[in-house]
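What follows is a single structure, written as structure tokens, with notes after it.
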Amino acid sequence: MENPLLTAARRPAQLEAFGRLLDVLDRLRLECPWDKKQTLESLRHLTIEETYELSDAILRHDLPDLKKELGDVLLHLLFYARIAAEQGAFDIADALNAQCEKLIYRHPHIYGDARADDEAAVKRNWEQLKLKEKGNTGGVLGGVPASLPALVKAMRIQEKARGAGFDFEEPIQVWQKVQEELAEFGAEYGSGQPLADAGRAERAAQEFGDLLFSLVNFARFAGINPEEALERTNRKFISRFQYLEASAAQDGQNLSEMTLAQMDVYWNAAKAAGN
């Protein structure tokens, strides 16, 4: 059965809703004291916050919240275009048409005669076309934003390097590299005691960075998004620790006065409870 939300019959409603949001934003920009004050710079940190909230809804598989967060992010995008239009630079139609042209150009296997039989070929073509588009400014890695979180940046660096043909051929090679980096970190760090020597501590930090980079690389080969994987583990730890904390309090115990073995009892109960 055809999904009614995906039919062409929904297009008029979608365009009407898009236009309605533009109308609401126009009025707010003209009449609301807060909206009138906003600039590209003042909205930036709010947009970052909204993007993380969208990401959070995705990881929680919360579709009602996802709908809300998508609206929030879309409003911010339209707001930037509105400010740019006020400055005579461009409006939202220019931005959308530019995006359409870019998508058509970077999908020659759909809109042209090129071939791409799998996802890897599509990504490779995309990166090569993107590099050609930018005139090789900054080289292959020039398009990686400096402000990206380190874990995400490592993933993008590796993806772009792969697009240029610089990559391992088999997952086993990447796993061997992980083992090699782990051994090198172990050799620098030794017994796990704090490093008093500044030079050795710096070398250990460098080796740890190399180890993380190789793990991100292996995750990419395994089809795992390392940022999402780590965030899921963060959430799991928070859930179990809160269970431990609440359960201990119900039993009249204070975490600061408990041994690790006593805490482990509650931790394992949290695991058994599915937290």
**Study point:** Given Tyr243, Phe237, Trp267, Phe241, the one that forms side chain to side chain contact (heavy atoms under 4.5 Å, CB included) with Asn275
**Key:** Tyr243
Exercise for review: Would you mind checking if Arg27 and Asp23 are paired as a salt bridge, meaning a charged N to carboxylate O distance below 4.0 Å?
Suggested key: no
**Study point:** His109 versus Val122, closest heavy-atom pair with distance
**Key:** NE2-CG2, 3.7 Å
Check your understanding: So, Lys67 and Asp65, do they make that salt bridge, N to O below 4.0 Å?
Key -> no
Review point. Going through the checks in order, is the side chain to side chain contact (heavy atoms under 4.5 Å, CB included) test met by Gln176 and Glu180?
Key: CA-CA 6 Å; Gln176 289 169 347; Glu180 175 189 324; over 6 Å; no
Review point. Can you say whether the rings of Phe168 and Phe221 are parallel (under 30°), tilted (30 to 60°) or perpendicular (over 60°)?
Key: perpendicular
Check your understanding: Charged N to carboxylate O under 4.0 angstrom, Lys123 versus Glu119?
Key -> yes
**Study point:** Pair Glu31 + Lys36, salt bridge at N-O below 4.0 Å
**Key:** no
Point to revise | Pairwise side-chain contact, Asn217 with Asp167, heavy-atom cut-off 4.5 Å (strictly under) | key: yes
Exercise for review: For the residue pair Tyr266 and Gln253, confirm or rule out a side-chain donor-acceptor distance under 3.5 Å.
Suggested key: yes
Review point. Would you say Arg240's side chain and Lys271's backbone share a donor-acceptor pair under 3.5 angstrom?
Key: no
Check your understanding: If you take all heavy atoms of Met155 and Pro226, which pair is closest and at what distance?
Key -> SD-CD, 3.7 Å
Check your understanding: When you check the gap from the basic side-chain N to the acidic O, do Asp210 and Lys177 get nearer than 4.0 Å?
Key -> no
Revision key, fill the gap. When rounded to the nearest 0.5 Å, the distance separating CZ of Arg82 from CD1 of Ile92 is 12.5 Å
Review point. Under 3.5 Å, side chain of Ser42 to main-chain N/O of Gln38, donor-acceptor pair present?
Key: no
Check your understanding: Would you call Glu16 and Arg20 a salt bridge, using N to O less than 4.0 angstrom?
Key -> no
Exercise for review: Give the intermediate values and the outcome of side chain to side chain contact (heavy atoms under 4.5 Å, CB included) for residues Glu69 and Val73.
Suggested key: CA-CA 6 Å; Glu69 299 302 341; Val73 171; 5.5 Å; no
Check your understanding: Between the side chains of Gln206 and Arg203, does any donor sit under 3.5 Å from an acceptor?
Key -> no
**Study point:** Candidate pair Asp35 and Lys37, rule salt bridge (charged side-chain N to carboxylate O under 4.0 Å, His left out), full reasoning
**Key:** CA-CA 5 Å; Asp35 289 279; Lys37 285 180 59 179; over 6 Å; no
**Study point:** Arg106 to Leu129 - nearest heavy-atom pair and separation
**Key:** CA-CD1, 3.7 Å
Review point. Are Arg162 and Glu159 ion-paired here, with the side-chain N under 4.0 Å from a carboxylate O?
Key: no
Exercise for review: Give a yes-or-no answer on whether the side chains of Gln173 and Glu169 include a donor-acceptor pair shorter than 3.5 Å.
Suggested key: no
